[in-house]
Amino acid sequence: MTQREFATRRQSLITALVEALKGIDGTGEFLTNVENNVHPRLKFWDEVDQFPALHLNAGSETREYLGGGQRHRFLSLTIRCYVKSEDAVDDLDKLLEDVETTIENNSALKYFDKRGVEQTAHQMTVVSIDTDEGVLEPLGVGEVLVEVRY
C-alpha cells in the first residue's frame, strides 16, 4: 500500500472543523449556541431555515515545496455564518467571535486521513472576516476565510 503522505485531505479537514465548531454551545467562553447546526456544505441564505447556522466549504489548495521531500499544503476554507434576529448585526458579530475563538483554540486541528490515521494540521489562520453589515436584516450573513496549513 502506498503511504500517500502528501495527498489532499480536504474532506477530512472539513469534517474535523465541523466537529470543533459544534462545540459553540453558548456556555463558557461562547456567546452563541449553534445547537449542532453546523454543516460541511455551503448553502445560500435563502436555503437556510434554522438559525444560527454555520456552513463550510473547501476552496482552493496550494503546495509549497521545501526541498528534501518536504512540502506544506495550504487549504482555503470558507465558513459562512447565518443569524436571524431583531439585532442581526450584533448577533452575527457574536457568532463570528465564537468562530474565531474556535479556530484559535484548534489551530493545530486533529483530523483522520482516509486510512483512519490521526493527523494534525500545522496551523489554522483566519485570513479575513466579511459581513453583510445589516443589509439583509433581520438576517445576518458573514464569511470567515480560513487558511489551513498541513
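Scope of the values below: all heavy atoms of this structure, side chains included, with no hydrogens, waters or symmetry mates.
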Under 3.5 Å, sequence neighbours excluded: what are the donor-acceptor pairs made by side chains of residues 11-22?
residue : atom : partner : partner atom : Å
S12     : OG   : F112    : O            : 2.9
T15     : OG1  : Q11     : O            : 2.9
E19     : OE2  : K22     : NZ           : 3.3

Roughly how far, to the nearest 0.5 Å, is the [atom2] atom of [Y] from the [atom1] atom of [X]?
X    : Y    : atom1 : atom2 : result
M124 : S107 : CE    : OG    : 6.0 Å
Q119 : K114 : CD    : NZ    : 12.5 Å
R80  : K43  : CZ    : NZ    : 12.5 Å
L54  : I24  : CG    : CD1   : 5.5 Å
R149 : T62  : CZ    : OG1   : 11.5 Å
I103 : D98  : CD1   : CG    : 11.0 Å

Please confirm whether the backbone N or O of F44 pairs with a side-chain atom of E47, one donor and one acceptor, at under 3.5 Å?
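Yes; judged by distance alone, with no hydrogens or angles, the pair exists.
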Any salt bridge between D90 and K94, counting N to O under 4.0 Å?
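Counted as a salt bridge, because a side-chain N and a carboxylate O are separated by less than 4.0 Å.
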With the threshold set at 4.0 Å, does a side-chain nitrogen-carboxylate oxygen contact exist between E61 and R10?
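So E61 pairs with R10 through a salt bridge.
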Identify the heavy atoms of [X] and [Y] that sit nearest to each other, and give their distance.
X   : Y    : result
A88 : G140 : CB-N, 3.9 Å
L95 : C81  : CD2-CB, 3.8 Å
V89 : E133 : CG2-C, 4.2 Å
L75 : G59  : CD1-O, 3.8 Å

Are [Y] and [X] connected into the same hydrophobic cluster when the rule is that any two of I, L, V, M, F, W, Y join if their side-chain heavy atoms are below 4.5 Å apart?
X    : Y    : answer
F30  : L56  : yes
L145 : I79  : no
V34  : V126 : yes

Assess whether side chain to side chain contact (heavy atoms under 4.5 Å, CB included) is satisfied between D132 and L92, documenting all intermediate values.
CA-CA 10 Å; D132 69 337; L92 181 59; 4.1 Å; yes
Run S85 and D87 through side-chain hydrogen bond (donor to acceptor under 3.5 Å, both in side chains) and show every step you take.
CA-CA 5 Å; S85 72; D87 192 357; over 6 Å; no
Audit row: L77, V148, side chain to side chain contact (heavy atoms under 4.5 Å, CB included) steps and yes/no
CA-CA 8 Å; L77 299 177; V148 181; 3.6 Å; yes
Using the ring centroid of each side chain, check whether H55 and Y82 are separated by less than 6.0 Å.
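Yes.
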Close side-chain approach of L96 and V144, heavy atoms under 4.5 Å:
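Side-chain contact under 4.5 Å: yes.
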For the residue pair L136 and V141, establish whether any side-chain heavy-atom pair is separated by less than 4.5 Å.
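Yes - at least one pair of side-chain heavy atoms lies under 4.5 Å apart.
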Between F51 and D91, is the side chain to side chain contact (heavy atoms under 4.5 Å, CB included) condition met? List the steps.
CA-CA 11 Å; F51 301 91; D91 288 348; over 6 Å; no
Please tabulate, for the side chains in residues 35-42, all donor-acceptor contacts under 3.5 angstrom to protein atoms that are two or more places apart in sequence or on a different chain.
residue : atom : partner : partner atom : Å
N37     : OD1  : H39     : NE2          : 2.6
N37     : ND2  : Q50     : O            : 2.9
N37     : ND2  : P52     : O            : 3.1

Side-chain donor-acceptor contact under 3.5 Å, R9 with Y150
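There is no such pair between these side chains.
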For E86, I'd like to know if atom CD has over 12 heavy atoms of other residues, nucleotides or ligands within 6.0 Å.
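Result for CD/E86: open.
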E64 vs L66, side chain to side chain contact (heavy atoms under 4.5 Å, CB included): CA-CA, chis, key distance, verdict:
CA-CA 6 Å; E64 177 184 24; L66 305 172; 3.8 Å; yes
Set of salt bridge (Lys or Arg N to Asp or Glu O under 4.0 Å) partners for D113, sequence neighbours left out
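D113 satisfies salt bridge (Lys or Arg N to Asp or Glu O under 4.0 Å) with R115 only.
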